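First the proteins, then the strands, lettered A, B, ... as listed; each starts at 1. Since this is a predicted model, take the numbers as computed values, not measurements.
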Amino acid sequence: MTGIETRGTVRIDIERCKGCELCIPACPPNVLRMSSTRNEIGVLFPELLPGCTGCSACALVCPDFCFDVYRYETPLHHEATA
Amino acid sequence: MTGIETRGTVRIDIERCKGCELCIPACPPNVLRMSSTRNEIGVLFPELLPGCTGCSACALVCPDFCFDVYRYETPLHHEATA
Amino acid sequence: MSEPRVLSTDAAPDEAARVIEPARPKLLRGEDHDLCPGCGEPLAVRVLLEAIEALACEQRSIAVMGIGCYTALSTLIDVDSVQALHGRAPSLATGVKRMRPDSLVFTLQGDGDMASEGLQEVIHTAARGESVTCVMLNNGVFGETGGHMTATTVLGQRTKNTLEGRDASYHGHPIGMAEMLAPLGGSAYVARAAVYDARSVTAARRMLQRAFESQLAGEGFSFVEILTMCPTGWFIPTAEGPGYLDEVLGSVHGVGELKVRGELHEHPTEPEN
Amino acid sequence: MSEPRVLSTDAAPDEAARVIEPARPKLLRGEDHDLCPGCGEPLAVRVLLEAIEALACEQRSIAVMGIGCYTALSTLIDVDSVQALHGRAPSLATGVKRMRPDSLVFTLQGDGDMASEGLQEVIHTAARGESVTCVMLNNGVFGETGGHMTATTVLGQRTKNTLEGRDASYHGHPIGMAEMLAPLGGSAYVARAAVYDARSVTAARRMLQRAFESQLAGEGFSFVEILTMCPTGWFIPTAEGPGYLDEVLGSVHGVGELKVRGELHEHPTEPEN
Amino acid sequence: MEHELMLTGIGGQSVQLAAQILARACVLDDRQVTYLGTYGGTMRGGNTDATLIVSDRPVSAPPMVSELAGALAMHHQFFEPLREKLRDDAVVVINESLFEGEAAPGGQRVFAIPATQVATELGSALAASMVLVAAYACITELARLDSLVAGMREAIPSYRRQHLESNEKALRMGFENAPAGAASVWSAGGAR
Amino acid sequence: MEHELMLTGIGGQSVQLAAQILARACVLDDRQVTYLGTYGGTMRGGNTDATLIVSDRPVSAPPMVSELAGALAMHHQFFEPLREKLRDDAVVVINESLFEGEAAPGGQRVFAIPATQVATELGSALAASMVLVAAYACITELARLDSLVAGMREAIPSYRRQHLESNEKALRMGFENAPAGAASVWSAGGAR
Amino acid sequence: MTRSLLMGSEALAEASVLAGCRFFAGYPMTPFTELLENFAVKLPGAGGVCINAESEIEAVGMAWGASSTGARAATGSTGQGLALMQEALSEITRAELPLVVFNMARGQGDYYQATRGGGHGDYRHVVLAPADLPEATDLIQLAFDLADRWRNPVLLYGDYLLAHTHEAVDIQPLDFEPLPGKDWALDGSLGGSGRSRSVNPLGMEKGSKRIDPEGLWKRLQAKHEEIERREVRSQSEFTEDADVVVVAFGSVARTVRHVVAKLREEGRRVGYVRPITLWPFPLAAVAEAAQGARQVAVLEQNAGQMIDDVRIAVAGSAPVRAIGGISTDPSSFGIGSLLEPANVRERILCALEDREIPR
Amino acid sequence: MTRSLLMGSEALAEASVLAGCRFFAGYPMTPFTELLENFAVKLPGAGGVCINAESEIEAVGMAWGASSTGARAATGSTGQGLALMQEALSEITRAELPLVVFNMARGQGDYYQATRGGGHGDYRHVVLAPADLPEATDLIQLAFDLADRWRNPVLLYGDYLLAHTHEAVDIQPLDFEPLPGKDWALDGSLGGSGRSRSVNPLGMEKGSKRIDPEGLWKRLQAKHEEIERREVRSQSEFTEDADVVVVAFGSVARTVRHVVAKLREEGRRVGYVRPITLWPFPLAAVAEAAQGARQVAVLEQNAGQMIDDVRIAVAGSAPVRAIGGISTDPSSFGIGSLLEPANVRERILCALEDREIPR
Ligand SMILES: Cc1ncc(C[n+]2csc(CCOP(=O)(O)OP(=O)(O)O)c2C)c(N)n1
Ligand SMILES: Cc1ncc(C[n+]2csc(CCOP(=O)(O)OP(=O)(O)O)c2C)c(N)n1
Ligand code: SF4
Ligand code: SF4
Ligand code: SF4
Ligand code: SF4
Ligand code: SF4
Ligand code: SF4
Ligand SMILES: [Mg+2]
Ligand SMILES: [Mg+2]
């Protein structure tokens, strides 16, 4: 198989996100980055890139409880770029 | 010289004495004992026997500040009994 | 250079997957809250509730809330709660526990609440060996009233009235709450946690759970201090909060278990799981 | 058997003699007081005043009085004094000292006053490194209100509500005030004395003097705890007071210097003279 | 009949104990009783008073009295305020062993009892107030000896159990050596 | 002439800072000013309002107004209470970049300024309120640009000194791109 | 129970336990100390708890916590200790918790404290002021009932005389109307159900960020107005044809009652009104008694506090005059000469004869 | 000084330092926090000290200590923090120490606390209630003067509006009559002379076992009666021919003043009395204004507290009616709609037109 292995994923409630960026460095495989557009209250929010491991770190450090974390039964494989 | 050497003495304000008896065991040469008569407020008070050294222990432990302690320039000698 | 691919995250995945960590534990209600971006307090509250769940104490817990920013979270906490005055939670917890000896009774207080306004409450409660757990969220500031120094603010820390850092000669010295409570005869479990990264958050949950276990076992008083970020009161960008916590607060208020089952630990360490 | 000879003690001796110890030091006024027979508090007050004299601070001392039996002695103390509310003396002392930085400022409090009602006052004052000396007369009871247990009452001690002795499982554990204050960053001198015999009284005077010296040298906060007899609150004959103090209170609240010039002593001992 | 009396002494609890014993004895004798102890000042070792009102109807007066039908004095110190309140026909019982000076200038009936001496002879100087209160009860017929003893047993706190014996002896000595009914408050002569 | 206006936004201090800058600018321009900031609830991150009264005589009205001659909105959330108070002839300046919905149903004069966008382009999204307040001052002629800049320099707390530059730029951008005097409060047309 | 000689404090503790009190916390202070001692002796045997708290602030906090679980709880002190509890007492009122608070006061200088409080914001406590011990053992039972009924603190205003006087009393349990259930009481059982309970003085509710303190406070105000309508209690005697109506409460009223009865026997036209509830104050009873009186004389043992309420009640229909005053002993425990019949008599005679009051 | 835009808290701190205040201690609480912040900034430069105390109880204790040395000292909080200070405040009054106390209150629900206190026993504080910032900067200077003159605490009743409103003010130092020296102030210098000083609230004196609390308290009472005679301050306008006289204080009075002036312009017969001293209350001014009025309307932002004093003043000569009420915002900081002109206007119109007040 080609591409990046993605063992897990997250659901992000971007409307609740306050843009604190705590989740970004918390992600071990570094697959979160801040968006370039803003949400309803005018802040940037995280976006997910391929390679999530479903480790939950983001959920544990998000003060606004934006992340549901899932682990795939079978890992997916993504291309790194869009 | 005969008799007991008495290097010091005390002045006792027996009217202030509340009869707690703390001075009695405090006296190293053991020359204080409680009276058999009572003072104005009805309690027994200390009496001095010969042999005081002027060590101040009684004064230091008396909660009612009854003792002035003196040391004789020249020790006296007393008979032990009256 | 091509843009990295952004995955869709607005719904649960279509593929077969199981939930590892739900956004909210069972005891955390679904509403949002108004605490500042990057605040550490919601993280502590989250793991506290998870510890209750882990011990299956959902239906026997009673929270006593102090007054600080975290107070606003009490509407999210789906356990019975009584709101105390600023500083007074340990006494209320005492009254609650004596009348409900089978309940898991805990306080949730800030450092301003516990170490400044109501310091003697927690000390007396600990000395009495009261069978309650006191939890202190320590950010070294009165967050709620604008970020002033508290009795735990560490030397060098930025606050509203120590913008150049707390200076002992002018502002006095911090009090280490865990260190003060651990030697007391009545305390059974005393620990200090922090919530600045995933590992520390997980450790905080373990310590809370062990404190609650201690209470349930009737060992005496238990205490968990949790270092939390307050970027607002520290006057720093939110993203710098975790690092500042670890380096500035954490260097003085060392993390680990100070007392377990009534035994003092000479070198506090984090509990194994 | 003939009676031992009783010497006259109603006046100064006729023979040449010098005063070794006057009944009252210069700063103790001549009136009598109404404290109980065998009370230890007047002994502590005496040596406190002597320590002031020894440092020639008669005209620069300000006392802040707590509320307890010793309060009645404030009319005997010939230094400026301000009467605080029960438990609140350390804060008053703080205000006094800040406005009179050249004065020797000290509090005189009981264990009920300092360790129960106003516990956090002294801790905050110590942590702040306030340049005052707090003196606690510790008899393990609220003497004034009838001899109930306080936060320092040692396990096994008799009080009005622990006639069979304080029992940890029912009444909780005592707080060691000196031990609690010594580790704080702001405290410079911390010691515990007792006044149950001439030697201990003399040592108490030395410790008070060293505490005051520490204050005058601007080292920070200083603290002297003094164990005192309360035969009334202990429900024992006056003559048994000293022994009870030494054996019961003294065995838990160990006498000695815990911190000198900001350095903690691992094994507290009494100061040499 | 409402009999107001006060007891006074220096410090300690013995005066209060005596008053309480008398009060309990009167209740046992089926009277209505109001009793209040007060201590002078915030200090220890000051004066201590007790006020008792004994009646055969519900007591209406407060236990702060302006006029006294009776008084008991362990010591002359602090007796002044009581003396000022004595009615002309009051009964005054004093501890002859310590009391100095005039107890009742207004012609009141005064009984001098060597209470401290009697108690000391019994081996417990502290029981002087027992001697005195029993004498008062006997002279005024305010309470019976059995009731006094029973009242004393009710009143002694658990941590003072060791004093039961000596107190009982003192009560008996006081009662038996006093002039019984010499100023009865119930008889036509003594009552008002 | 007494001009009552309110500013509203979400959380943060930027709305308060904007209000304070305008207030200081008016003082520098020799007007009487009363300004009050309020925060919604005991919580952080809630709404935040500011009320300003600018006058050429001593201000008699309290800084809690029932009717508004002007309003500034950073965001539509929390604007409702202000809308209800708008006079028919009020001036409303909104942050077009975030504001959704109708700002003034009563026919008031509404000016839409892309404040967040302008500020973001200047490299400091937080300065959006500067853009907006400067636009308001320009449109209403309530204060001069120089006074705004001077007022901003007075108002910025010491620990925020790093923002002086970007704030000044934002004020200038806001002022210079707004329709000057389009609703002057001092002119016959704008004043009441 | 049978008649036995009990100290006031003992009887009050006894009657409280009889009324179902199961929690007490306090800190010693004369003349409150013995009440604490008696609770400590009696509660454990009744399945309750008494804590010797380390301070008054901690005591009221403990009682607050106990009450939040639905237990009948009480605390107390003397006025000075109650001063320390003011923040808690006003907040407990807003949390709508029942609580019984004893003020074993030093005299009557705490009338303002009891009726107006020193807490923050608007709040009211029902204040009961017994004149003697038999009445007090009834009123304390009423206090626990009213506290639960209105979910509001009820204060019993006693003093040294009440606390320390021994009387032969026979405490009888009283019957009251059934009370609503305490569905608000915390027991933890609803955790996780979405319906967990919250005892909150700030107007916060589970599941909602919206806080409505104004709504909460207005609801309280309405409740307090209802209490004003329903719970007024007082005793009046000899007021119909009285030239002088004396108003007095508590221990002072005990002496007044005694003295007025004697004066009536002597044919003097004097009556009295004795507020039993200090709040709600018996405005109507005082107003009615004042009708036709030449003077309303207020005899309180303080610098003049209840006289405010009397003036409000009388509303100008008769002159209101203070005939009491500060009166205490060297201990300041509040047992001043004003409590003695002769002094009270003299002051009432001054009012009757329009003489100056001795100061 | 020249006119500059100052937040109320800043102006108050500035005026205090100008008045010689050299010590301040406080604990943060909205809306008091900024006052503390401003003292912390201003005092050190003026040779004074500001302590961020660890609690309100400690703050008032520190100020007490500072005052006992003769320094001009102040403390404060909001009503809730002041609740915690009640024990100290009543005792400081008995120690006869000057002290200035700020209540940056949340609304007007602390009127009872300010005027009757929640401390123990009889005591009084002078209470000054400015309506706006320029007046406040004068009154705070007066507060320091009165505190020293009477050796009694003086309380400044402010609120969120006063503390947080920015106005362009020009603080001018005021002149007062010369004050007696502070020979009671502690400096330690008389130790050992037999004449050492004692600042004591219990009636204890050096060298004597005798304690005379009654004497002390009566002396205080006489002083307080003297203050009642000498220090009453109020402002009245348009009362001569008014149908309705509105009584209001503080920030509410600011709105009332604004609205009544407009109503007069419209020809409505309405006037107002504004107590500037809440204690001593301007009984005479209110009584006088009530003469001939059809109604006295009390507009206060609480459940009805000052209305007691108004009733006492009016003494039945006109009906007294409450037209205010509880009014706050979700934060409960006290900035409710009652402070807005439109609502005040409507309520006054209700009084003029005998309509029901909206609740
Ligand atoms: C008696 C009292 N004083 C002051 C306050 C104001 N106050 C509310 S929260 C708070 C600070 C809380 O600080 P902390 O406990 O550290 O909690 P944080 O806001 O940091 O979460 C203060 C001082 C109050 N509510 N009550
Ligand atoms: C606020 C308050 N609570 C209670 C009291 C009553 N009180 C006076 S002295 C005292 C006990 C004092 O005990 P301690 O400080 O140990 O002094 P001691 O009498 O033993 O010398 C108490 C409880 C008080 N004065 N003030
Ligand atoms: S679950 Fe782990 S890997 Fe996935 S986004 Fe979150 S932190 Fe990154
Ligand atoms: S941690 Fe949460 S609130 Fe912060 S940026 Fe990430 S998703 Fe947003
Ligand atoms: S001075 Fe020493 S030797 Fe003399 S009586 Fe006193 S204790 Fe005894
Ligand atoms: S120590 Fe003092 S009070 Fe005690 S018996 Fe001796 S002389 Fe008397
Ligand atoms: S002020 Fe600090 S503690 Fe409070 S919500 Fe904001 S970040 Fe959290
Ligand atoms: S009760 Fe105890 S402390 Fe108080 S005077 Fe008596 S012996 Fe001393
Ligand atoms: Mg904090
Ligand atoms: Mg003690």
Side-chain angles (χ1 to χ4, degrees), chain D residues 25-34 49 52-53 56-65 67 71-105 107 118 120-121 123-125 127-128 130 132, chain H residues 22-25 43 48-55 57-73 75 87-92 94-95 97 99 120 184-211:
Chain D
K26 187 171 149 209
L27 292 175
L28 193 63
R29 300 178 54 127
E31 292 77 15
D32 62 343
H33 65 74
D34 284 343
L49 296 176
I52 294 173
E53 280 179 42
C57 286
E58 292 94 331
Q59 281 158 40
R60 57 189 282 211
S61 300
I62 303 179
V64 183
M65 303 295 300
I67 298 266
T71 305
L73 299 175
S74 69
T75 62
L76 293 188
I77 296 176
D78 196 12
V79 301
D80 278 9
S81 61
V82 50
Q83 178 63 53
L85 280 169
H86 191 47
R88 314 296 165 202
S91 291
L92 270 78
T94 298
V96 170
K97 182 73 180 191
R98 295 293 186 108
M99 293 292 98
R100 295 266 182 235
D102 294 334
S103 296
L104 181 72
V105 178
T107 71
Q120 76 188 56
E121 297 252 338
I123 299 175
H124 285 141
T125 304
R128 230 186 291 116
E130 211 60 61
V132 299
Chain H
R22 288 299 172 270
F23 186 89
F24 193 85
L43 272 173
V49 171
C50 177
I51 306 187
N52 289 278
E54 291 84 354
S55 71
I57 294 185
E58 286 155 283
V60 71
M62 292 171 189
W64 181 344
S67 173
S68 73
T69 69
R72 282 197 159 176
T75 184
E87 190 199 18
L89 292 177
S90 76
E91 206 78 354
I92 291 170
R94 273 192 278 284
L97 283 177
L99 185 69
H120 47 291
W184 49 265
L186 308 183
D187 64 5
S189 65
L190 295 181
S193 69
R195 294 175 295 119
S196 53
R197 301 180 183 91
S198 164
V199 172
N200 191 294
L202 306 170
M204 292 168 79
E205 273 173 37
K206 292 272 185 202
S208 158
K209 286 200 311 192
R210 221 182 84 80
I211 305 183

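A donor-acceptor pair under 3.5 Å is formed between the side chain of H:Lys206 and the backbone N or O of D:Ser74. At least one donor-acceptor pair under 3.5 Å links the side chain of D:Asp78 to the backbone N or O of H:Gly194. The backbone N or O of H:Leu186 lies less than 3.5 Å from a partner atom in the side chain of D:Arg100, making a donor-acceptor pair.
Every side-chain contact (heavy atoms from CB on, under 4.5 Å) that H:Ser55 has, sequence neighbours left out, goes to C:Glu117, D:Gln120, H:Ile57, H:Glu58. In terms of the side-chain contact (heavy atoms from CB on, under 4.5 Å) criterion, residue partners of H:Ser90 (sequence neighbours excluded) are, by chain and number, H:Arg94, H:His120, H:Tyr123.
Of the atoms belonging to H:Glu87, heavy atoms from both backbone and side chain fall under 4.5 Å from chain D. Both the backbone and the side chain of D:Ser81 come within contact range of chain H, with heavy atoms under 4.5 Å apart. Contact annotation for D:Thr125: neither backbone nor side-chain heavy atoms come within less than 4.5 Å of a heavy atom of chain H. Only the side chain of H:Ile51 comes within less than 4.5 Å of a heavy atom in chain D; its backbone stays farther off. Both the backbone and the side chain of D:Asp32 come within less than 4.5 Å of a heavy atom in chain H. With a 4.5 angstrom heavy-atom cutoff, H:Thr69 touches chain D via backbone and side-chain atoms both. H:Ala95 does not touch chain D: none of its heavy atoms, backbone or side chain, sits under 4.5 Å away. Proximity to chain D (any heavy atom under 4.5 Å) is restricted, for H:Leu202, to the side chain, taken from C-beta onward. Contact annotation for D:Arg60: only backbone heavy atoms (N, CA, C, O) come within less than 4.5 Å of a heavy atom of chain H. Contacts of D:Leu85 with chain H are made by both backbone and side-chain atoms, with heavy-atom separations under 4.5 Å. Contact of D:Ile67 with chain H is made through the side chain alone, with heavy-atom distances under 4.5 Å. Contacts between D:Glu31 and chain H at a heavy-atom distance below 4.5 Å involve the side chain alone, from C-beta outward.
Here the closest heavy-atom approach between residue D:Met99 and residue H:Ala71 is recorded as SD-CB, 3.4 Å. Considering every non-hydrogen atom in both H:Ser208 and D:Thr75, the closest pair reads O-CG2, 3.5 Å. For H:Ser196 against D:Ile77, the heavy-atom pair with the smallest separation is OG-O, 4.0 Å.
How far OG of H:Ser193 is from CD of D:Gln59: 7.5 Å, rounded to the nearest 0.5 Å. The distance from the CD1 atom of D:Ile62 to the OG atom of H:Ser189 is 9.0 Å, given to the nearest 0.5 Å. H:Ser67 OG to D:Leu92 CG: the interatomic distance, rounded to the nearest 0.5 Å, is 9.5 Å.
Across D:Glu53, D:Lys26, D:Arg88, D:Met65, the residue that shares the most heavy-atom pairs under 4.5 angstrom with chain H is D:Arg88. Counting heavy-atom pairs closer than 4.5 Å to chain D, the top-ranked of the candidates H:Ser68, H:Gly192, H:Ala25 is H:Gly192. Interface remark: of the candidates H:Ile92, H:Asp187, H:Asn200, H:Val60, H:Asp187 forms the most heavy-atom pairs closer than 4.5 Å to chain D. Considering only heavy-atom pairs separated by less than 4.5 Å from chain H, the leading option among D:Gly95, D:Gly118, D:Pro90, D:Ser103 is D:Gly95.
Counting non-hydrogen atoms of other residues, nucleotides and ligands closer than 6.0 Å to CD of H:Glu205 gives a total of 12 or fewer.
Shown are D:Asp80, D:Val79, D:Val82; of these, the side-chain contact (heavy atoms from CB on, under 4.5 Å) with H:Arg197 is made only by D:Asp80.
Within the 4.5 Å cutoff, no side-chain heavy atoms of H:Met62 are placed close to those of D:Arg98. Counting heavy atoms from C-beta outward, H:Ser198 and D:Gln83 have side chains that stay 4.5 Å or more apart.
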